Amino acid sequence: MNRHLRKAVVVAAAVTAGLVMTACQNGSDDASSGESGAGAAAVADKASGAKKSKESEESKTSKGVSGSFKNGTVTYLAPYKYIVSVQGKDDQQFLVAEDTEVYGVGTICGEAGAKVDAPCTTDQLEAAVKKDAVSADVEMTNGVATLVSERRAAQQGGSGSGSDGRDTVVEGIDKGKGVSGTWFGNVSYLAPGKYTVSDLKGVEQQFLLAEDTEIWGYGDICGDSNTDEGGQGGTECTEAELEAAAKKGFGAEVVVSNGIATTIRDDH
């Protein structure tokens, strides 16, 4: 009897041990499968995150078009937005900024046939191009125009560099060909050291300042109408005071020699 009992106990123990080993193996397989799935998901998330990061970085570092567009035709698109079309190239959109230099030879501003290109404002550029497309050379950096130069009739259709037979205002000054004269009109700020004065017809003339430019105020730039300082019937003002007043706009008499103002007197 005892011998049969011992045999039964041994068989039961063997069966139990087998079940325990099977359960452990299944648990190990499940855990291994879970770890494998989690690892794959982590790798996928990492790859997705890296892709998004790269796309974001590329978006941040993307830049607008830079280059020269010679013998182009400029057309109006929207405020501060234009398109320049050059034969053999795709149309290129560009923007203008406060420091964009614009020069005209009769259409944007200035007079046709003048030896020196007239400096224009971006408002004059917009007004001219809204009427009709303008032939011009455009220099741009990161999609923003740094220079828009109207082409002379003799240059249109040519492939030159745009410098043949003409000078910009600064080049003209360097060669002693800057504009000279006296203007009575509204003075406006253009850029540090650069201003414009409009004549009675509203045509604006750009001029530069020098260290010896005399600036006299009678209440608009500085001082007041009752001062007699310096024997000039006004107060001698600083360039900073001139800049602050010009950003608002004021009337003045401006005497210019070779493109540089020698005397500025507000007409308050």
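All values derive from a computational prediction rather than experimental measurement.
- A side-chain donor-acceptor contact under 3.5 Å links Glu150 to the backbone of Val105.
- In this structure, Thr213 contributes its side chain and Ala261 its backbone to a donor-acceptor pair below 3.5 Å.
- Expressed to the nearest 0.5 Å, how far CD of Glu253 lies from CZ of Phe184 amounts to 4.0 Å.
- Not counting sequence neighbours, Asp266 has no partner by the side-chain hydrogen bond (donor to acceptor under 3.5 Å, both in side chains) test.
- Looking at every heavy atom in both residues, Gly104 comes nearest to Cys120 through N-SG, 3.2 Å.
- For the pair Tyr103/Val148, no side-chain contact is recorded, criterion being any heavy-atom separation below 4.5 Å from C-beta on.
- Hydrophobic clustering keeps Val74 apart from Leu95 (ILVMFWY residues linked when any side-chain heavy atoms are closer than 4.5 Å, directly or through intermediates).
- Pairing each heavy atom of Val138 with each of Ala145, the nearest pair is CG1-CB, 4.2 Å.
- Between the side chains of Glu204 and Ser198, not a single donor N or O lies within less than 3.5 Å of an accepting N or O.
- With a 4.5 Å cut-off on side-chain heavy atoms, Val84 and Thr73 do not count as touching.
- Ser180 contributes a side-chain N or O that, together with a main-chain N or O of Asn258, makes up a donor-acceptor pair within less than 3.5 Å.
- No continuous path of ILVMFWY side-chain contacts below 4.5 Å connects Ile83 to Phe69, so the two sit in separate hydrophobic clusters.
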Inset, instruction - Evaluate the criterion side-chain hydrogen bond (donor to acceptor under 3.5 Å, both in side chains) for residue pair Asp91 and Ser85; output intermediate values, then yes/no. - result: CA-CA 5 Å; Asp91 291 352; Ser85 303; 3.0 Å; yes

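- Leu125 has its side chain within reach of Val129: a pair of non-hydrogen atoms, C-beta onward, lies under 4.5 Å apart.
- Residues Glu101 and Lys194 are paired through a salt bridge, judged by an N-O separation under 4.0 Å between the basic side chain and the carboxylate.
- Separating the OH atom in Tyr195 from the CG atom in Leu208 is a distance of 10.5 Å, to the nearest 0.5 Å.
- Under a 4.5 Å side-chain heavy-atom cut-off, the cluster of Ile, Leu, Val, Met, Phe, Trp and Tyr residues that includes Leu190 has no other member.
- Scanning both residues, Val65 and Met140, for their nearest heavy atoms gives O-CG, 3.6 Å.
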Inset, instruction - Just do the side chain to side chain contact (heavy atoms under 4.5 Å, CB included) check on Val102 and Thr121 with the steps written out, would you? - result: CA-CA 6 Å; Val102 183; Thr121 65; over 6 Å; no

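- Leu77 has its side chain within reach of Gln93: a pair of non-hydrogen atoms, C-beta onward, lies under 4.5 Å apart.
- Salt-bridge check for Glu243 with Lys248: failed, with every basic side-chain N at 4.0 Å or more from each acidic carboxylate O.
- When side chains are defined from C-beta on, Ile215 does not count as touching Thr238, because their heavy atoms never get closer than 4.5 Å.
- Listed by chain and residue number, Asp99, Thr100, Val144 satisfy the side-chain contact (heavy atoms from CB on, under 4.5 Å) test with Ala97 (two or more places apart in sequence, or in another chain).
- Here Ile108 contributes atom CD1 and Thr122 contributes atom OG1; the two are 11.0 Å apart, rounded to the nearest 0.5 Å.
- The side-chain heavy atoms of Phe207 and Val255, taken from C-beta on, include no pair separated by under 4.5 Å.
- For Glu126, the side-chain contact (heavy atoms from CB on, under 4.5 Å) partners at least two apart in sequence or on another chain are Tyr76, Tyr82, Lys130.
- Rounded to the nearest 0.5 Å, atoms CD1 (Ile260) and OG1 (Thr262) are 10.0 Å apart.
- Rounded to the nearest 0.5 angstrom, Ser149 OG and Lys70 NZ are separated by 7.0 Å.
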Inset, instruction - Please step through side-chain hydrogen bond (donor to acceptor under 3.5 Å, both in side chains) for the pair Glu139 and Ser68, ending with a clear verdict. - result: CA-CA 5 Å; Glu139 302 280 345; Ser68 300; 2.5 Å; yes

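- Atom CD1 of Ile221 sits about 5.5 Å away from atom CG of Leu242, to the nearest 0.5 Å.
- The two atoms that bring Ala118 and Cys109 nearest to each other are O-SG, 3.7 Å, heavy atoms only.
- The side-chain contact (heavy atoms from CB on, under 4.5 Å) check on Thr141 picks up Ser66, Thr146, with sequence neighbours excluded.
- Side chain of Glu241 to main chain of Cys222: no donor-acceptor pair is present (N/O by atom type, distance under 3.5 Å, no hydrogens or angles).
- At least one side-chain heavy atom of Asn71 sits under 4.5 Å from a side-chain heavy atom of Ser135.
- Applying the side-chain hydrogen bond (donor to acceptor under 3.5 Å, both in side chains) rule to pairs touching residues 182-193 yields Asn186-Ser188, sequence neighbours excluded.
- The minimum heavy-atom distance between Ile264 and Ala252, with the atom names listed, is CG2-CB, 4.3 Å.
- The same ILVMFWY cluster, assembled from side-chain heavy atoms under 4.5 Å apart, contains both Phe94 and Tyr80.
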